[in-house]
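Note sheet for the following structure.
Please read all numbers here as calculations on a predicted model, not as lab measurements. Chain A is the first sequence line, chain B the second, and so forth, proteins listed ahead of strands; every chain is numbered from 1. Both backbone and side-chain heavy atoms feed into the values below; hydrogens, waters and symmetry mates do not.
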There are 2 protein chains.
Amino acid sequence: MLDVPAPTTDAGRRLLTAAAELFYRHGITAVGVAGIATAAGVTKKTLYDCYGSKSALVATYLAERHRAWWAALQERVDAAPAPRALAVFAAYRDHGELPLELGCAFQRGAAELAGDHPGRAVIVAHKAAVRAEIERLLVEDLGGDRAGLADHLALLLEGATFQRGLDGTPDALDRAATHARSLLDGARVDTATP
Amino acid sequence: MLDVPAPTTDAGRRLLTAAAELFYRHGITAVGVAGIATAAGVTKKTLYDCYGSKSALVATYLAERHRAWWAALQERVDAAPAPRALAVFAAYRDHGELPLELGCAFQRGAAELAGDHPGRAVIVAHKAAVRAEIERLLVEDLGGDRAGLADHLALLLEGATFQRGLDGTPDALDRAATHARSLLDGARVDTATP
DNA sequence: CTCGAAGTAAACCGATCGGTATACATGGAC
DNA sequence: GTCCATGTATACCGATCGGTTTACTTCGAG
C-alpha cells in the first residue's frame with residue numbers, strides 16, 4: 001500500500017505490533033513514541049532508525065492493518081455464496097485477529113489525521129478499495145451496472161461500522177446486513193449487458 | 001444536553017467559540033488549553049474558572065454544537081414537504097453557520113474520546129436524538145412501524161457523513177439522499193394501525 | 001463606600017511531546 | 001580479523017501538556 005516503510009527486522013515488527021495496539025486503543029495523537037518504544041521493549045533510537053518519524057510509523061500501521069484486513073476479506077469472499085457482497089458485511093462484523101470493538105481503525109484515524117498526513121492517503125486508498133471490491137462482487141454476481149447499488153451498500157457499511165464503534169456491539173453490522181440483503185433481493189440478476 | 005456547564009459570561013462564550021473552532025479543525029487531543037485561552041483573548045485561569053477542566057469544556061463544546069445543529073434541523077424539517085425524513089439529509093448536506101467540510105464533529109469526537117469521557121455521553125445522546133427524529137418523521141408521514149426503515153436511513157446518513165469528512169465534498173450526502181428517496185418511494189403510506 | 005465577582009498577567013508544577021546525540025555491545029559476512 | 005548493520009542505554013533538546021497559584025485590576029450592586 002503506497003510507499004510506507006515495511007518492517008524488515010525483529011525490532012521493527014515488534015514496534016509495529018505495539019504501535020498498532022496503542023494507536024487503535026488510545027488514538028494516534030494521544031500515544032507518544034516513547035510509550036510505543038517501551039511497549040515494544042525497544043529504545044526510541046531504534047524506532048527512529050526503523051521508521052524515521054512518527055508519521056511514517058502511523059502510515060505503516062494503517063497500511064499493515066489494511067493488508068491484514070484485506071487478506072481476511074478475500075478468504076471470506078472466496079468461501080461465500082452469491083451474492084458475495086454480503087460477505088463484506090460479515091467480514092466487518094467479526095474478523096478473527098484484528099480488534100474491532102472500538103470501531104474501524106481507519107475511521108478513527110481519519111478523524112485525527114489532517115489532509116497532509118501520509119497516513120491519510122492510506123485511509124483513502126483503503127476505503128476506495130473496499131468500495132471497488134463491493135462493486136466488483138455485485139457486477140460479477142448480478143451483472144449490469146451496479147455503481148449505484150455499490151455506493152448504497154458502501155455507505156450503509158460505513159455507517160454501521162461507525163455505530164459499532166459508538167456502542168461497542170456489532171448489532172449495527174447485523175442490521176446493516178439485513179438492509180443490504182433486502183436491497184439485493186430487490187435487485188434482479190441481469191445477465192445481458194445493456 | 002445533560003449536565004454540561006453552560007457559559008454565562010462574555011469570556012466563557014468567547015472561550016467556547018474559540019474552542020469549537022480549534023477542536024473541530026485540529027482535533028480535541030491535539031488542541032491545548034493554552035491555545036484555546038490565547039485564541040479567546042483570555043487567560044488560562046479564566047478558562048479554568050469558567051469550565052473547571054478541559055474535559056468539561058469539550059463536553060460543553062459538543063453539547064452546544066448539538067443545540068445549534070438541532071435548531072437548524074427543526075427549521076428545515078418544519079419547512080419540508082413529506083416525507084420530511086429527507087430534510088435530515090439536506091440538513092447534513094449544508095447547515096448555514098456550522099463548519100462541516102471536515103465531517104461530523106460528533107464522529108470526529110467519538111474517535112478521540114474514551115468511554116469514560118463526559119463528552120462521549122453527549123455524542124451518544126446526539127446520535128440517538130437524530131435517529132429518533134428520523135423515526136418520528138417517518139411514522140408521522142407514512143404511518144405504521146418504521147423502525148427498520150429508520151435504522152436503514154440512519155446508517156446511510158452516518159456513512160455519508162463520514163465519507164464527506166474523508167473526501168471533503170458533500171457528494172456522498174447527495175448520493176445518500178438519492179438512495180433514501182428510492183427507499184421511501186418503495187415504502188407505501190400506511191394509514192391503518194396494524 | 002465597600003465588597004465580591006470576573007478578569008488580567010505571569011510564574012510555576014511535574015510530566016510528556018517528537019526528535020537527536022553520544023557511546024557502547026553484539027554478531028554474522030566478507 | 002575486521003567491519004557494518006542492528007541494537008541498547010541514556011542523556012539531552014526546546015516546546016508543550018493539563019492544571020494551579022499568587023498578586024493585582026476593574027467595576028457594578030448593595
Could you name each residue pair satisfying side chain to side chain donor-acceptor pair (under 3.5 Å) that touches residues 34-43 of chain A, not counting sequence neighbours? A/Thr43-A/Thr46
Does any residue of residues 22-43 of chain B have a heavy atom under 4.0 Å from DNA chain C, and if so, which ones, in number order? B/Gly41, B/Val42, B/Thr43
Residues two or more places apart in sequence or in another chain: which of them pass salt bridge (charged side-chain N to carboxylate O under 4.0 Å, His left out) with A/Lys127? A/Glu158
Got a sec, which residues hit side chain to side chain contact (heavy atoms under 4.5 Å, CB included) with A/Leu22, two or more places apart in sequence or on another chain? A/His26, A/Val31, A/Ile36, A/Ala39
List in chain and number order the residues that pass salt bridge (charged side-chain N to carboxylate O under 4.0 Å, His left out) with B/Arg84, two or more places apart in sequence or in another chain; answer none if no residue qualifies. B/Glu140, B/Asp141
Can you give me the N/O atom pairs linking the protein to nucleotides 25-30 of chain C at distances under 3.5 Å, or say none if there are none?
none

Can you list everything that forms a salt bridge (charged side-chain N to carboxylate O under 4.0 Å, His left out) with B/Arg175? Sequence neighbours excluded, please. A/Asp151
Would you say the ring centroid of B/His179 lies under 6.0 angstrom from that of B/His152? no
How long is the line joining CG of A/Leu47 and C1' of C/dT20, in whole Å? 13 Å
Rounded to whole Å, please give me the gap between OH in A/Tyr51 and P in C/dG18. 16 Å
What residues form a salt bridge (charged side-chain N to carboxylate O under 4.0 Å, His left out) with B/Asp49, not counting sequence neighbours? B/Lys45
If you apply the rule side chain to side chain donor-acceptor pair (under 3.5 Å), what do you find for A/Glu133 with A/Gln74, and how did you get there? CA-CA 10 Å; A/Glu133 179 71 358; A/Gln74 291 306 326; 3.2 Å; yes
Protein proximity profile, nucleotides 20-29 of chain D - base contact B, sugar-phosphate-only contact S, no contact -, cut-off 4.0 Å on heavy atoms: BBBB------
Apply side chain to side chain contact (heavy atoms under 4.5 Å, CB included) to B/Ala154 and list each qualifying residue two or more places apart in sequence or on a separate chain. B/Arg131, B/Ile134
Spacing of A/Arg13 atom CZ relative to D/dT6 atom P, expressed in whole Å: 12 Å
OP1, OP2 of D/dG7 versus side-chain N and O of A/Thr9: anything below 4.0 Å? yes
Nearest-angstrom distance from the residue atom CG of A/Asp49 to P of D/dA5: 11 Å
Measure CG/A/Leu15 against C1'/C/dG18 and give the value in whole Å, please. 15 Å
Side chain to side chain contact (heavy atoms under 4.5 Å, CB included) partners of A/Ala20, counting only residues at least two apart: A/Tyr61
Holding to side chain to side chain contact (heavy atoms under 4.5 Å, CB included), I want the full list of residues that pass it with A/Ala68, two or more places apart in sequence or in another chain. A/Glu64, A/Leu98
For A/Lys54 and C/dT16, what is the distance between atoms NZ and P respectively, to the nearest whole Å? 15 Å
Taking OP1 and OP2 of C/dT8, is either one under 4.0 Å from a side-chain nitrogen or oxygen of B/Thr46? yes
